[in-house]
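For the single chain, residues carry numbers from 1 onward in sequence order.
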Amino acid sequence: MAGLLEVLVWWTLLTGLWLVLISRVEPLEIVVGGSVALLCSVAARAARRAVTHR
């Protein structure tokens, strides 16, 4: 459950950052940004776990 919460927090922050940095907010931009943010949030959790489990 903690892993899901961590991914959700990362996803929220990265999606918010994406929406702030793009020039026009359109539905396709939201879908693409949210999808890429999900991939990056999973990668961020995996990277953090790899570093802390040495």
Inset, instruction - To the nearest 0.5 angstrom, please state how far the CD atom of E6 sits from the CZ atom of R49. - result: 8.5 Å

Inset, instruction - Would you check if L14 and V36 make a side-chain contact, meaning some heavy-atom pair closer than 4.5 Å? - result: no

Legend entry - By side-chain hydrogen bond (donor to acceptor under 3.5 Å, both in side chains) - contacts of S41 (at least two apart): none

Inset, instruction - Working to the nearest 0.5 Å, report the span between CZ of R45 and CG of L8. - result: 12.5 Å

Inset, instruction - Please check if L13 and W11 belong to a single hydrophobic cluster, counting links between Ile, Leu, Val, Met, Phe, Trp and Tyr side chain heavy atoms closer than 4.5 Å. - result: no

Legend entry - Verify same cluster id: L39, V32 (apolar side-chain graph, 4.5 Å): no

Legend entry - Rounded distance [0.5 Å steps], CG in L17 versus OG1 in T12: 12.5 Å

Inset, instruction - Not counting sequence neighbours, which residues clear side-chain hydrogen bond (donor to acceptor under 3.5 Å, both in side chains) with W10? List them please. - result: none

Inset, instruction - Can you see which heavy atom on T15 is nearest to which on G34, and at what distance? - result: OG1-CA, 4.0 Å

